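Only one structure is covered here, and it is reproduced in the block below.
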Amino acid sequence: MSRLGLEETLLGGQSFSWTALSESSWKGVIGKSIVELSLTENKLQWRTGKQSPWSEKELRNYLWLDPSFTEAVDSLPWRSDPVLTTCMKKLPGLRILRQPMDEVLFVFLLSSVKSIPQIKEMKELVSEKYGEPLELGLWSFPGWEKLAQISETELRALKMGYRAKYVQAVAGQLANKPSLLTDIVKRPYEEARAMLLNLPGVGPKIADCCLLFGAARTEAFPIDTWISKTLEVRYSLSGWSNQQQAHFAIKHYGKHAGLAQQFLFSAERLGLHAKS
DNA sequence: ATCCAGGGTGGAG
DNA sequence: CTCCACCCTGGA
């Protein structure tokens with residue numbers, strides 16, 4: 001576990017639940033739980049709030065701290081892919097978090113044409129206005145049931161713009177079928193993806209983000225502007241459609257393509273290719 | 001001051 | 001397949 005790898009895992013755009021307390025410590029709100037992480041001398045330390053405390057097991061699951069992570073890393077084609085190797089060497093320990101699907105769907109519905117700070121701000125506004133108060137002046141994500149009671153106008157007031165319509169519509173569907181998300185998580189990848197694509201405001205990119213970050217489907221390979229650029233520039237795939245790029249990804253990176261995506265995405269976002 | 005892009009999607013041609 | 005509106009905010 002490296003400092004940069006962990007920092008990028010928590011703050012790099014797969015989760016919007018974490019804030020930095022210092023160079024190497026972070027505070028997160030997941031569901032109604034508060035968790036603090038710090039990295040000193042390469043050792044991970046943690047503590048959790050009193051209200052809805054996490055067990056060590058929950059923490060290990062959330063951070064993907066089991067042997068399957070090492071196996072997934074080893075399954076990537078780093079032996080034959082210098083571009084991927086560079087990204088992996090620069091970000092040791094970067095991983096996919098296992099976040100709750102409801103929160104992931106919400107933040108990625110807000111993500112279109114928005115930067116990380118903007119997405120975080122929208123989520124915080126919603127939490128402070130409609131969530132439950134927790135310890136330390138923090139607020140929980142309100143949950144979809146609560147969101148269903150909020151009008152589009154009210155959501156627009158929280159800087160959501162046209163995304164408010166999607167949030168409203170999805171909340172409505174989930175109100176009619178509360179089991180939908182837990183149902184989706186149980187289905188095989190293709191089927192789960194098709195179900196997500198049925199939701200208003202959810203296209204291929206957001207569906208794959210939900211499956212990768214909110215359902216631990218590491219075969220999901222979200223194609224956004226950054227990854228598209230990486231594939232064009234680093235792999236000479238310019239002119240390829242998103243569908244063709246997706247086909248390349250699963251073929252080249254394998255069954256944990258989503259993990260490769262995270263290394264490529266972060267390296268591109270942080271500009272790590274420029275430096276030697 | 002305008003312009004433009006910020007982890008897209010849905011609809012039209 | 002390619003355009004482009006959709007909201008709105010901050011930075012060039």
Side-chain angles (χ1 to χ4, degrees), chain A residues 7-18 87 91 94-97 99 101 103-126 129 147 150-173 193-215 217-218 220-234 237-247 249 253 257-273:
Chain A
E7 177 181 64
E8 182 62 14
T9 301
L10 300 175
L11 306 181
Q14 62 171 296
S15 171
F16 301 88
S17 303
W18 295 86
C87 300
L91 295 162
L94 177 67
R95 58 196 58 240
I96 306 293
L97 297 171
Q99 306 177 69
M101 175 62 100
E103 294 191 27
V104 171
L105 174 60
F106 177 68
V107 292
F108 282 94
L109 260 187
L110 300 182
S111 70
S112 77
V113 202
K114 283 290 177 190
S115 63
I116 293 172
Q118 290 173 315
I119 299 165
K120 218 166 159 177
E121 189 191 1
M122 288 184 279
K123 190 195 179 196
E124 279 163 12
L125 284 171
V126 169
K129 182 126 186 167
L147 290 174
I150 304 167
S151 71
E152 185 188 329
T153 314
E154 290 174 279
L155 294 173
R156 275 177 187 263
L158 305 177
K159 304 192 176 184
M160 284 189 198
Y162 61 83
R163 300 156 198 84
K165 180 165 27 95
Y166 298 146
V167 170
Q168 238 273 319
V170 168
Q173 291 206 19
R193 190 170 190 269
M195 290 169 80
L196 283 165
L197 288 174
N198 269 329
L199 296 172
V202 178
K205 191 271 178 181
I206 292 178
D208 278 328
C209 282
C210 288
L211 290 168
L212 181 58
F213 304 134
R217 299 303 170 78
T218 47
F221 191 89
I223 295 182
D224 55 56
T225 54
W226 290 96
I227 277 298
S228 202
K229 182 189 161 195
T230 295
L231 294 179
E232 283 173 25
V233 176
R234 318 277 171 209
L237 302 188
S238 43
W240 291 42
S241 70
N242 280 14
Q243 204 172 23
Q244 291 170 315
Q245 290 186 337
H247 185 68
Y253 300 115
L259 180 59
Q261 189 268 2
Q262 206 56 28
F263 281 109
L264 297 166
F265 171 82
S266 291
E268 201 67 59
R269 193 181 78 85
L270 296 171
L272 299 181
H273 294 284

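These figures come from a predicted structure and were not determined experimentally. Reminder, nothing fancy here: chain letters follow the sequence lines and each chain counts from 1. All values below were derived from every heavy atom in this structure, side-chain atoms included, with hydrogens, water molecules and symmetry-related copies excluded.
The nucleotide whose nearest atom lies closest to any side-chain atom of A/Q261 is, among B/dT9, B/dG7, B/dG6, B/dG7. When distances are taken from the side chain of A/W226 to each of B/dG7, B/dT9, C/dC6, the shortest belongs to B/dG7. Each of B/dT9, C/dC6, B/dG7 was ranked by its minimum atom distance to the side chain of A/I206; first place goes to B/dT9. Across C/dC7, B/dG7, B/dT9, the shortest atom-to-atom separation from the side chain of A/Q262 is found for B/dG7. Nearest nucleotide to the A/K205 side chain, out of C/dC1, B/dT9, C/dC7: B/dT9. Comparing C/dC7, C/dC1, B/dG7 against the side chain of A/S241 picks out C/dC1 as the nearest. In the set B/dG7, C/dC8, B/dG8, the nucleotide with an atom closest to the side chain of A/K114 is C/dC8.
Checked against a 6.0 Å centroid threshold, the rings of A/F108 and A/Y166 do not count as neighbours.
A/E268 places its CD atom 13 Å from the P atom of B/dG6, with the value rounded to the nearest Å. Spacing between atom CD of A/Q118 and atom P of C/dG10 amounts to 8 Å, rounded to whole angstrom units. If you take CE of A/M160 and C1' of C/dC8, they are 13 Å apart, rounded to a whole angstrom. Rounded to whole Å, the distance from CD1 on A/I119 to P on B/dA5 is 18 Å. As rounded to whole Å, 10 Å separates atom P of C/dC8 from atom CD of A/E152. We find that CG of A/L199 is positioned 13 Å from C1' of B/dT9, with the value rounded to whole Å. Separating the CG atom of A/L105 from the P atom of B/dT9 is a distance of 12 Å, rounded to the nearest angstrom. The distance from atom CE of A/M122 to atom P of C/dG10 is 12 Å, rounded to the nearest whole Å.
For the P atom pair drawn from B/dC3 and C/dC4, the interatomic distance equals 16 Å after rounding to whole Å. A gap of 15 Å separates the P atoms of C/dA12 and B/dG7, to the nearest Å. Spacing of C1' atoms, C/dA5 relative to B/dC4, comes out at 15 Å, to the nearest Å. Using C1' as the reference atom, C/dT9 and B/dG10 are 23 Å apart when rounded to the nearest Å. Spacing of C1' atoms, B/dT9 relative to C/dG10, comes out at 23 Å, to the nearest Å. Taking atom P on both C/dC3 and B/dA5, the two are 15 Å apart, rounded to the nearest angstrom.
Closest approach of A/E268 to A/W226, counting heavy atoms only: O-CZ3, 3.6 Å. For the pair A/A207 and A/V202, the tightest heavy-atom approach, listed with the atom from each and the gap, is N-CG1, 3.7 Å. Scanning all heavy atoms of the two residues, the minimum distance from A/V167 to A/F106 falls at CG1-CE1, 4.1 Å.
Between A/P222 and A/I227, every side-chain heavy-atom pair lies at or beyond the 4.5 Å cut-off.
Within the nucleic acid shown, A/F108 has no heavy atom closer than 4.0 Å to any nucleic acid atom. Counting any heavy atom pair closer than 4.0 Å across all strands shown, A/G13 reaches a base atom. At a threshold of 4.0 angstrom between heavy atoms, the contacts of A/G161 include nucleobase atoms, whether or not backbone atoms are also involved. Residue contacts shown for A/L155 are absent, as no nucleic acid heavy atom lies under 4.0 Å away.
Residue-to-nucleotide proximity on DNA chain B shows that, of A/I227 and A/V202, the 5′-proximal contact is made by A/I227.
Stacking between A/Y162 and the base of C/dC6 is present: ring centres sit under 5.5 Å apart and the planes differ by under 30 degrees.
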Next item on the list: With side-chain contact (heavy atoms from CB on, under 4.5 Å) as the test, would you mind laying out the steps for A/N242 and A/K205 before giving the verdict?
Entry: CA-CA 10 Å; A/N242 280 14; A/K205 191 271 178 181; over 6 Å; no
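To the nearest 0.5 Å, the span separating OG on A/S151 from CZ on A/R156 amounts to 10.5 Å.
A 3.5 Å limit on both hydrogen-bonding distances identifies B/dT2 as the Watson-Crick or G-U partner of C/dA12. In this structure, B/dA12 and C/dT2 make a Watson-Crick or G-U wobble pair, each of the two defining distances being under 3.5 angstrom.
Distances shorter than 4.0 Å separate some side-chain N or O of A/R156 from OP1 or OP2 on C/dC7.
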